[in-house]
Structures are given as structure tokens and as C-alpha cells.
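Here's the structure we're looking at; comments come further down.
Chain letters run A, B, ... following the sequence lines, proteins first and then strands; every chain starts at 1.
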Amino acid sequence: MTDLTSLTIAEARAKLAAKEITAVELTDAYIGAIDAANEAINAYVAVTPDRAREMAKASDARIAAGKAGALEGIPLGIKDLFGTEGVHTQACSHILDGFAPRYESTVTQNLWNDGAVMLGKLNMDEFAMGSSNETSYYGAVKNPWRAKGSNMDLVPGGSSGGSAAAVAAHLCAGATATDTGGSIRQPAAFTGTVGIKPTYGRCSRWGVVAFASSLDQAGPIARDVRDAAILLKSMASVDTKDTTSVDLPVPDYEASIGKSIKGMKIGIPREYRVDGMPEEIEALWKQGIAWLKEAGAEIVDITLPHTKYALPAYYIVAPAEASSNLARYDGVRYGLRVDGKDIVEMYEKTRAAGFGQEVKRRIMIGTYVLSAGYYDAYYLRAQKVRTLIKRDFELAFHAGVDAILTPATPSSAFGIADEDLASDPVKMYLNDIFTVTVNMAGLPGIAVPGGLDHKGLPLGLQLIGKPFEEETLFKTAHVIEQAAGRFTPTKWW
Amino acid sequence: MSIVDVRTPDPKRFIPGATGDWEVIIGMEVHAQVLSNSKLFSGASTEFGNAPNANVSLVDAAMPGMLPVINEECVKQAVRTGLGLKATINKRSIFDRKNYFYPDLPQGYQISQFKDPIVGEGKIIISIGPDRQGQFEDVEIGIERLHLEQDAGKSMHDQHPSMSYVDLNRSGVALMEIVSKPDMRSSDEAKAYMTKLRSIVRYLGTCDGNMDEGSMRADVNVSVRRPGEAFGTRCEIKNVNSIRFIGQAIEYEARRQIGILEDGGVIDQETRLFDPNKGETRSMRSKEDAHDYRYFPDPDLLPLEFDDAFVEALKADLPELPDDKKERFVRDLGLSVYDASVLVSEKSIADYFEAVAEGRDGKIAANWVINDLLGALNKAGKAIEETPVSPAQLGGIIDLIKAETISGKIAKDLFEIIWNEGGDPAEIVESRGMKQVTDTGAIEKAVDEIIAANPDQVAKVQAKPSLAGWFVGQVMKATGGKANPQAVQALVKAKLGIEE
């Protein structure tokens, strides 16, 4: 019998439908894999085997009754940012110690409504702030990938590092993730998985712990493009509880897989050729261009002139919103409380103990840029830049471009506790250089593996699409996937 | 916001100081709780008086991942109020976050409107007076803006020796903050403004106006200056919760500031609190201690947008407002401006009056409502809502007078009986034999008896006919007030041979 955990969602779905396997068997296989691997990988911060088996049993009953949902019996990992009723929901922060909500986020509820099975909660950077998953209160996640001939532990990227690592290491069939500045796409690129950040408003934010409300968007990380399409179809919905969600029908994304991209116009933005970008990234990008050309797409050079301002503007807008969103963690109603002699001291002690260094840094930056006398110079200006970035994309799309191809990250995965990065937070922030523009413009972006670098580590390509045209991204990413192949790490754990 | 002085200094309103006259400048920010079944951004109930923390949703408690969803009814209420203030309605407005930490503010920010409020400039006409000549003076007070915002919860510091308790029932309830221009020049004007504003929101049904329940409270900005000079430094008196206290706080604060200035001092811009027990204001925090609220647009909420049709539909359904009602009472019912002003001052009084006046003489109804009903209520310390005499009962009394079933004098007695005991006016008159005697024979007999018994008076009357009233009075007395006074008068004159 094949290892059930090696099945993609589409494959597992077929076997479940054909009654070759049961949901309980599939779930048990994953629980076994998690038991065996999680100590080494640290992808899960909470495993829910009892609930998983219960859900799997119910799935088997529905399959038997011919009432299977779109994700019936598929075991998934859920990023700790998503509210899951009665289950660990702590954004991997000390300040949310012991918090398990009385509610279920809209996205996860959509998944359960379609029959998916929850395996547990996945590690992440604290409050989704980070690009290496090292800011988690629960410790770093190890990338299932290692460089050829090396035993050095690498980061899986962040903030959805647990999601990407769990998918790459076959500790779940697929995972939910969120992306505020690249938190789905960068870890997907670092782990050889596929991650899509849909258009802002495609997935409800209700019940998802907020980082930066105007940028946060949920999406899946999956083994391949088809699985990502299957997952997004279930996750996405309009939600009256999130007024920024958009009332558009959710298409059958999977139907776009395998469709021709002949005649499509793919834009190559010159501004994404950044200084000091490794040769290999440049080569990967060229390779991607060549694949799409071969498949009949027309390649056009485009300009997105305000790109260079995106990262600095992002690091004003996101911390500003975060500084306000995180004000509710005050020790009064839930989570951690460190007593003090009065209310102010209680706040100070609680927040000093409860937030990690990176979260504090961003709260400080956000508080500063919103302060009287600085608001216009920072926040307001950053919002203007944001408008310009958005317009850059609009102009490109208006000129007939259907999608834009860029590298997903400026490098492959780096080492855990990298001293160079630890000494300078801005270097870490530069990881998001190709991805933040997409959040600033609210566009959909997908990261798909393009190959391995000289160290044998995965590299990703990014496709950026028009608002609510995720189907274009799926069919184009699938072309790249067909050409590049799929990448699985060698098991060392 | 540019501050423009639209008033001409008026010596009537000056406050005499030791070194000359002063003028007080007042502007107000009134927080009015929106009448709605649920909160501004959550479905939780707004019912007053429920057990602590009974009206709290996940949004109100600021649980992680919760999102605000605007309550359309609250938006409508704000627009209605804006229309009532003859204000500009902004079809696009923006909700901002006002950030500060407090235990009864679960989100760590209040959702408010900062740069782009839902309602822009408007006005309220207040009426000052009557003066000794019985004249009213109308003064226009400018409205700067009206915006929607969330109320905070309530901290209770007296429930436990070392801890504070928090009640989030009020957390997230919709408030309208109505900001006036600094157009008021006396405590009377400020009180009249608050009274009129309360009356308008009550007419509109957008706020219950119950200041004792905290549904309406005012932050009063006060400064003083020499008449005609530039505005002085202002102090803000926070959360004044009665119209009387508004007057007292202004009087005290103006005097305090004048005292400091006359002693050569300067006014520190600060926030002050009014202590109703001592009748004085005291410093709460100085400008240096003011919060930096770090306002920014709430990214959880899209800009609030609606079209002309939305506003027009609300406008079409707007009830008659006090100024229009007053005008109609004067024009259509022939009431005096004074009477009309009294009757429209409170919607409940106007409603009562209109119920009484329906199908009856407006002036007579107005007299009864103002002199008898309001007089009695005032004496008993009751509000019109607590009146023991219903509009139907008072109408019944008036009808009995008109039908000449009872005299005006008996009517007063009847009113008192109904006030104390209740009952149907016609039945009471019937059962207690209060009917007016119109039987000429019986009256004639009484007149004859009085004339016969008082020959001296007869002589006097014949010398001076205007003294006939004495006989009328005696007859009325003899008949227990039940005789028809017109009939008595006619008979007395006829019997004494006085020309009509």
C-alpha cells in the first residue's frame, strides 16, 4: 500500500470517492506522520487527533451516503491565526496564552462545511509578523528542505512557515495560510509548495486574528497548483460579517487547470530586477519566461515605476494598522495577564511579557507613524504611494497584460538564527520585496516552484493577476508546474 | 476648522467684572445616544437597565478576529438628525479609529469619524425670553458637524476593595456627537441650545434625550474675552449631564476665568469637570497631558456611502419639527407665539395638546393645557408623561363647557376631581350633580330671593350698574355654581332694570 500521506488532495479525493481508502485511514496516516515528525519540524503547535478522527468518521458516513462535499475527508492543517472553536487560537503569541475562541472563522467553517478534516493548528510567526517563522512563541519551524550535503536547519519562510513546512513534509494534505506582505508566497517558495494569496476581499477575514486589516488575506498552501485551486474554491466566500469581502461568485478554479495560455500577454516588470539579486534568481526568471513563451504566451516588458517605494510604504501601513489591531491584547478579558499595582502597570507588564521583540518593534513603528505631527509625513504619504502602486498595475493591465511574472523571493531559504539577518531587521524585511506590492494593490498572487538552486533548495516564481482573476493565475501557474516539475524534500526527520 | 465670530457683542449679555465688562463664548459638543435596537457595529441589544454584560457580542468584547459591520438604522438616524438640523448630509463619510487604552474600551480604540463626518454644517434657532415686555429673541446657533461613533463601556470602581468592574453593555452603542460652533454668548443661550437640541432629537425619534440616563451629555467649551476682542483661551468642561448643570458650570467657569484674567493671570487650556455638589469646575487634565489619539481610517470598514435617494426617502418621512409646528400653531390655530412656544417645547407636550385640540377650539385647548394641566403638573413636580389627566379626559371637560353642560368654574373643579380620582368627565358631572342649571325658573327664584334680601345693594346697583356682578356672584353661590352664568347675568340685569 502506498503511503497515504503522499497523495495530493485530488488523488486522495479520487480514492475516497472510489472507496479505495477511508477518511479515517487517511487521517490516521497523517496523525501518525505528525507524531513521528513534529518534534523535528515543529510545524504544529496543537494537534487535534480526536477531533480529526471524529470528523473523518463523519466524512466516511457522508461518503457512504453519497453526500460527500468538495473536500470530504481531506485532512488539513490550519494556521494558528484562524479562530477554531474550542481549539488553540493564539497567533503563536504568548499574549494569547490559553485562548480558544467560542467561534469558528468563516474560512475554516467553509472548509468544514465542505467535509474537510482538521488535524491541528500550525506554527507561524507571532501575529504573522516575520519572514522566517522564528518570531513564534512556540519556536522556529524547520524547513523540510536542507541544502545538498548539509545538516544545517533552514527556515521555512514566514509567516505561514508551519503551513508550508507541514505541506512540504506531508504532515497535512493542504493547509490554510494568510498573507499580509508575502506570508503565503515566500514560505511556499522556500518549501517547494504552491501558495496563492487571492484578491483582497475574496476570503472573509472574519474570525482570523488581524495583523494589518487592509492587507491581510487568507489563502491555501498546497502540494500543487490543482490542490491550491481546490482549496481556494472552498475557502473563498462573500461574508456579511466582513464588509470588505466582495460579493462575486466563486468560480470553479480547478476547471482552469490545463487550459491553454496561448495568446496571453505576460508582463515582465523591469523594476523587479533588483540590485544584488543572485544570478540563479535571474536565471529562474528567464526560465519561467521561456516556459510561458513556449506555451504560446506573449511576453512584454512592462514598467511598474513605484515598485521601489512599496516596501518602505508597506512597513508604514502594516505596522500602523497592527499597532491599533493589537491594542485589544491588554490582559483585561482573555489571554495573558501579568498583575501590576494598577491598571496601567498591568497593561505594561502584560504587553511587555506577552509580545515578542518583532511584534513590539512593529507596534512601536506603527504608533510612531500615526502620532500627531508624523501622520502626514508617514501614514498619509504611504497611503498615497499605495495608490500609485495600485495605479502602476492598473495601467499595465489596461495596456493588455493578463498576468505578471516575477521571482517570488530574492533568495532560497536561509539558515535558522542567521546572524546577519538577526542583526538587521530591514534585511529580513527585504524578503518581501517581490510580494508586498501585490498586497498593497490588493491583487492576487501565486507562488509556484520553478526549480532548485545550486544548493538543491527550491526557488519559486510569482504570478500576479488582475483583481478576482485567480483562474488566470491557476492556469498559468499550472503551465510552469508542468514544465518545472514538482519538488519533494528528502526525508531527514 | 476656522472659527468665525458670527455674533455682535450685546451689552445685555455682558458679565460685569471689577475692571469692566466681559463676554463669555460658548461652544458645545453634545453626545446623543442613537435610538436603535442594536449597537453601531454589532447586533447586540441597546436596551437600558439590563444586567451588567448582558448586551455584549463578540465584537463588543473585541475578541480576536471580530469585525465591525455598520448598522444601517444608526446611519439613518444620523441622517434624520442632520436633516432636522438643516445640515449638509455627506453622502460619503469615513470611520476612523481613535486609539487609547482603557479597560472599558475593549478594542483599544473607539470607532469614530474624524476628518469626514456623516453630517456637515447646519443650524439651530434658539429662542431666548420672554423678556419683561414678553418678547422673544431668536438666535441662530451654527452646527459645525455631526458624526457617528461608538460609546465606551462603564468602569465601576466602587464594587470591590481593590479591583474595578467593567460593564460592556454600553460598549459599542451608537452615539451622535453634535458639535456646535462657538456661537453662544450666555449660559441662558447654552441652556436654550441644549433644550432645543433635545427637543429636535425627540421630535425626530433619533435619541430619547434622557439626560439622567446618560442618553445625552454635553462637553461645554467656555472662554471669556473683552467684548469685541479676539477669542480667549478655552476650557472644556466634560460630560455635563443636565441642562441646569450646564448653566451652573458656565456661570462658574466664566467667573473663574474672569477672576484669573482680572488678576493678571492667563487661562490654561485644559479639560475640567463640573462638580454639581459644590457647583464648581475643577481641573481634570491639562493640554500637555492630552492624549495623542492617533486617528486613522478604520481599515475594517469601507467608506460609508449612500445616494440622494437614500436621503430623500428619509427626508420624506421626517416628522414635523418644533419650529414648523410652532409656526403652524400660530398660523392655523391662532395661538400666541408665547403659547405656541410653550406647547412645542417638548414633543410630548405638543402631542398632548394636539390630541386635546383635535376637533376643538385651539385657543381654548391651549389655555387648558398651559394654565391648568402644565400648571398642575408643575405644582406636583410631574412630567407630562405622568399626567393623571389624559388628553381624552381634558377634551371631555372642554366639550362639556362648550355644550354649556357645566360652567367654567365647575370645569376647574371637575379637572381637580379627575386629576385626583380619574374617571369619565360626563359621568362624573352626571353622577355628582354638577350640571349647570339652565332652568330659568329655578334661577329666577334664586335671583328674586337675593334681590329681596338685599335692598341696600339694589339701590347701589341702580346708581352704579357695573356693580351688578355682586348679584351674579351671590346667585352663583346660592346655586352651588351650577347656574348658567350667562343666564344669571341676563336675569339679574332684567330684574334690576339695567340696560344691556
(message) Quick check on R333(A) against chain B: is it the side chain, the backbone, both or neither that has a heavy atom closer than 4.5 Å?
(response) side chain
(request) Please state whether the side chain, the backbone, both or neither of A320(A) comes within less than 4.5 Å of a heavy atom of chain B. (result) backbone
(request) Tell me whether the centres of the aromatic rings in Y374(A) and Y368(A) are closer together than 6.0 Å. (result) yes
(request) For the residue pair E321(A) and S214(A), confirm or rule out a side-chain donor-acceptor distance under 3.5 Å. (result) yes
(request) Below 4.5 Å from any heavy atom of chain B, which atoms of V208(A) appear? Answer side chain, backbone, both or neither. (result) backbone
(message) Heavy-atom pairs under 4.5 Å with chain A: which of P299(B), P297(B), G108(B) has the most?
(response) P299(B)
(request) Tell me, for D300(B) versus chain A, whether the close heavy atoms (under 4.5 Å) come from the side chain, the backbone, both or neither. (result) both
(request) Measure distances from Y109(B) to the heavy atoms of chain A and classify the residue's part below 4.5 Å as side chain, backbone, both or neither. (result) side chain
(request) Answer with yes or no after comparing the ring centroid distance for F41(B) and F95(B) against a 6.0 Å cut-off, counting only values under it. (result) yes
(message) Is Y295(B) in contact with chain A via its backbone, its side chain, both, or neither, using a 4.5 Å heavy-atom distance?
(response) backbone
(message) Within the 3.5 Å criterion, strictly below it, is a donor on S324(A) or R97(B) matched to an acceptor on the partner's side chain?
(response) yes
(message) Does any backbone or side-chain atom of F82(A) lie under 4.5 Å from a heavy atom of chain B? Answer side chain, backbone, both or neither.
(response) neither
(message) For the aromatic rings, using the six-membered ring if either is Trp, is the centroid distance between H88(A) and Y138(A) under 6.0 Å?
(response) yes
(message) What part of T367(A) gets within 4.5 angstrom of chain B, counting heavy atoms only: side chain, backbone, both, or neither?
(response) both
(request) Classify the side-chain pair T89(A)/T84(A) by whether it contains a donor and acceptor separated by less than 3.5 Å. (result) yes
(request) Indicate whether any N or O donor in one side chain lies under 3.5 Å from an N or O acceptor in the other, for D104(B) and S155(B). (result) yes
(message) Angle between ring planes, F99(A) versus Y334(A), binned at 30° and 60°: parallel, tilted or perpendicular?
(response) tilted
(request) Side chain from CB out, backbone as N, CA, C, O: work out which of these in D342(A) comes under 4.5 Å of a heavy atom of chain B, or both, or neither. (result) neither
(request) Below 4.5 Å from any heavy atom of chain B, which atoms of L96(A) appear? Answer side chain, backbone, both or neither. (result) side chain
